[in-house]
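Supplied in structure tokens, the structure appears directly below.
By convention here, the first residue in the shown sequence is residue 1. Predicted model only: the values in this text are computed from it and were never measured.
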Amino acid sequence: MPMPSDANGNGDIFGGWIMAQVDIAGAVLPARIARGRITTVAVNQFVFRNAVSIGDLLSFYATVTRIGTTSVSVQVEVYAERNPAEPRVVKVTEASLTYVAIDREGRPRPLPVAAPPAPPASGG
């Protein structure tokens, strides 16, 4: 939930604050896939659909769109729930970001090979 310190002079939330939250939310899935350190290497697209206001309850939804040798691309959608007396949900932002798995020296490293799925449990 954005606070008054996150707002500009018009009372809208700074786009940079929203971008930072999108980057944090977008990094969760790539970090799991990479099983270690990642870094943001590209903000491929960032679209502000509606203004975000103080008190809006934001929800971030990330979907992996591509997995490469060292990188993971993610689409993030942001929705705001407003007006608690008569709640309304509005899509406010969508973004596409790319993250790269890195080693201790900050160099790109290959993503781990996914383990094959476990066989189904046998009944008995």
Write out all pairs satisfying salt bridge (charged side-chain N to carboxylate O under 4.0 Å, His left out) with one or both partners inside residues 19-33, taking only residues at least two apart or from two chains.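 Listed once each, the pairs would be none.
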What residues form a side chain to side chain contact (heavy atoms under 4.5 Å, CB included) with Met3, not counting sequence neighbours?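 Applying side chain to side chain contact (heavy atoms under 4.5 Å, CB included) to Met3 gives Ser5, Asp6.
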Could you give the side-chain donor-acceptor pairs of residues 58-69 under 3.5 Å, partners two or more places apart or in another chain?
{"unit_1": "Thr65", "atom_1": "OG1", "unit_2": "Ser73", "atom_2": "O", "d": "3.3"}
{"unit_1": "Arg66", "atom_1": "NH1", "unit_2": "Ser71", "atom_2": "OG", "d": "3.3"}

Under the 3.5 angstrom rule, does the side chain of Arg109 hit a backbone N or O of Ala34 as a donor-acceptor pair?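 Yes, Arg109 side chain to Ala34 backbone: donor-acceptor pair under 3.5 Å.
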For residues 53-63, pull every pair meeting salt bridge (charged side-chain N to carboxylate O under 4.0 Å, His left out), keeping only residues two or more places apart or in separate chains.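 Found Asp56-Arg82.
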Set of residues satisfying salt bridge (charged side-chain N to carboxylate O under 4.0 Å, His left out) with respect to Arg104, sequence neighbours excluded: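 Arg104 satisfies salt bridge (charged side-chain N to carboxylate O under 4.0 Å, His left out) with no other residue.
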The criterion is side chain to side chain contact (heavy atoms under 4.5 Å, CB included); which residues satisfy it with Ala42, sequence neighbours excluded?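 Per chain and number, Ala42 pairs via side chain to side chain contact (heavy atoms under 4.5 Å, CB included) with Asn44, Thr98.
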Return the set of residues passing side chain to side chain contact (heavy atoms under 4.5 Å, CB included) with Ala7 (not counting sequence neighbours), or none when no residue passes.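 Result, side chain to side chain contact (heavy atoms under 4.5 Å, CB included) vs Ala7: Ile13, Ile54.
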Hydrophobic cluster membership, Met19 vs Val78, 4.5 Å side-chain cutoff: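 Yes, same cluster.
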Under 3.5 Å, which donor-acceptor pairs link side chains of residues 24-31 to any protein atom two or more places apart or in another chain?
none

Is Val100 close to Ile38 at the side-chain level, that is, under 4.5 Å between some pair of heavy atoms?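 No - every pair of side-chain heavy atoms lies 4.5 Å or more apart.
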Nearest 0.5 Å please: distance from the CD atom of Gln21 over to the OG1 atom of Thr93.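 If we round to the nearest 0.5 Å, Gln21:CD and Thr93:OG1 are 11.0 Å apart.
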Quick one, Pro2 and Val52 - any side-chain contact, counting heavy atoms below 4.5 Å?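 Counting from C-beta outward, Pro2 and Val52 do come under 4.5 Å.
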Under the ring pair (Phe, Tyr, Trp, His ring centres under 6.0 Å) rule, what pairs show up with a residue in residues 28-51, not counting sequence neighbours?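 Listed by first then second residue: Phe46-Phe48.
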State the CG-CG distance between Asp12 and Asn50, to the nearest 0.5 angstrom.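 The distance works out to 10.5 Å.
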Between atom CZ of Arg37 and atom CZ of Arg107, what is the distance when rounded to the nearest 0.5 Å?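 Here the rounded value is 11.0 Å.
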Would you list the atom pairs, donor with acceptor, under 3.5 Å between side chains in residues 84-92 and any protein atom, with sequence neighbours excluded?
{"unit_1": "Lys91", "atom_1": "NZ", "unit_2": "Glu77", "atom_2": "OE2", "d": "3.1"}
{"unit_1": "Lys91", "atom_1": "NZ", "unit_2": "Glu94", "atom_2": "OE2", "d": "3.2"}

For Phe14, side chain to side chain contact (heavy atoms under 4.5 Å, CB included) partners two or more places apart: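 Asn8, Trp17.
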